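Okay, structure first, notes after.
Given the structure is predicted, the values throughout are model-derived calculations rather than measurements. All values below come from the heavy atoms of this structure, side chains included, with hydrogens, waters and symmetry mates left out.
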Amino acid sequence: MEELKELGANFYQVNLVDLDHPGRTTAYIIKGEKNILIETGASRSNEVISQALEELKIGLDQLDYIIVTHIHLDHAGGAGL
């Protein structure tokens with residue numbers, strides 16, 4: 001997956017979609033004893049995040065924390081999904 005990039009040991013960057021612009025915003029995944037998603041992005045990024053989690057073999061039910069840094073649509077709009 002082109003949108004997923006390993007930044008360090010068990011730390012990943014996911015390029016998200018916002019306003020039809022791929023890579024305009026970013027989420028991060030920490031995979032480990034606790035699995036953490038930082039930022040959900042806009043709701044249009046839901047599929048990208050799902051694919052990244054699948055590639056990392058993390059089921060949605062295996063996410064221990066979902067963290068949004070602030071409540072703007074490009075960072076937290078997809079939180080409900």
Check your understanding: Are Leu63 and Leu53 close enough that some pair of their side-chain heavy atoms sits under 4.5 Å apart?
Key -> yes
Review point. Hey, are the side chains of Glu39 and Thr26 touching, using non-hydrogen atoms and a 4.5 Å cut-off?
Key: no
Point to revise | Whether over 12 other heavy atoms sit under 6.0 Å from Glu54 CD | key: no
Approximate separation, where rounding is to 0.5 Å, of [X] [atom1] and [Y] [atom2]:
X     : Y     : atom1 : atom2 : result
Ile58 : Ile49 : CD1   : CD1   : 12.0 Å
Ile38 : Ile30 : CD1   : CD1   : 4.0 Å
Asn15 : Thr25 : CG    : OG1   : 9.0 Å
Ile66 : Leu60 : CD1   : CG    : 8.0 Å

Do you know which two heavy atoms are closest between [X] and [Y], and how far apart they sit?
X     : Y     : value
Tyr12 : Lys31 : CE1-CB, 4.3 Å
Lys57 : Gln62 : O-OE1, 3.7 Å
Thr40 : Ser45 : O-CB, 4.0 Å

Point to revise | side-chain hydrogen bond (donor to acceptor under 3.5 Å, both in side chains) between Glu55 and Gln51, intermediate numbers included | key: CA-CA 6 Å; Glu55 187 170 323; Gln51 289 174 354; over 6 Å; no
Review point. Which pairs with one or both residues in residues 43-66 pass ring-ring contact (aromatic ring centres under 6.0 Å, His included), sequence neighbours excluded?
Key: none
Review point. Which residue pairs pass the ring-ring contact (aromatic ring centres under 6.0 Å, His included) test when at least one of the two sits in residues 26-60, sequence neighbours left out?
Key: Phe11-Tyr28
